[in-house]
Amino acid sequence: MRQVPTEAATMITAAQLRAARALLGIDQRSLAAMAGVSLPTIQRMEASDGTVRGVVDTLVKVIDALDASGVELIGPGQPSQAQGRGVRLKEPA
């Protein structure tokens, strides 16, 4: 698996995490199993307000699991590195 830079791992939002799960059509329990973390950890991450807070190693595990499943998380102002369909949230006008 690719190693996510620490700064990228600290920028994932709860909304991105929920959206990534929705794109994959999986529940929180499935994501927890894929990432090797506990269900309460995923629940806490998704309940965060804005940027997910937590142990960087845990965030990296979740991001790596999503990446391995075909989901690319894109930060503000970053271009997509992959090809394929996607969704991006625009800044409010």
- Please round to the nearest 0.5 Å and tell me the distance separating atom CG of Leu24 and atom CG of Leu31. 8.0 Å
- Could you grab the distance from atom CD of Gln28 to atom CG of Leu17, nearest 0.5 Å is fine? 8.5 Å
- Query: For Ser48, what residues pass the side-chain hydrogen bond (donor to acceptor under 3.5 Å, both in side chains) criterion, not counting sequence neighbours?
  - Reply: none
- Starting at OG1 of Thr13, measure out to CD of Glu46 and round the result to the nearest 0.5 Å. 10.5 Å
- Query: Can you name the residues that form a side-chain hydrogen bond (donor to acceptor under 3.5 Å, both in side chains) with Gln43, not counting sequence neighbours?
  - Reply: none
- Message: Quick check: closest heavy atoms across Val52 and Ala14, and the distance to 0.1 Å?
- Response: CG2-N, 3.5 Å
- Query: Between Arg29 (side chain) and Leu39 (backbone), is there a donor-acceptor pair under 3.5 Å?
  - Reply: no
- Closest contact, heavy atoms only, Arg21 versus Ile26: NH1-O, 2.9 Å
- Message: Restricting to side-chain hydrogen bond (donor to acceptor under 3.5 Å, both in side chains), what partner residues turn up for Thr41, sequence neighbours left out?
- Response: Ser38, Arg44
- Item | Gap separating the CG atom of Asp64 from the CE atom of Met34, nearest 0.5 angstrom | 11.0 Å
- Quick one: are Leu73 and Asp67 in side-chain contact, heavy atoms under 4.5 Å? no
- Query: Would you say the side chain of Met45 lies within less than 4.5 Å of the side chain of Thr58, judging by non-hydrogen atoms?
  - Reply: yes
- Distance-minimising heavy-atom pair for Leu59 and Gly54: CD1-O, 4.1 Å
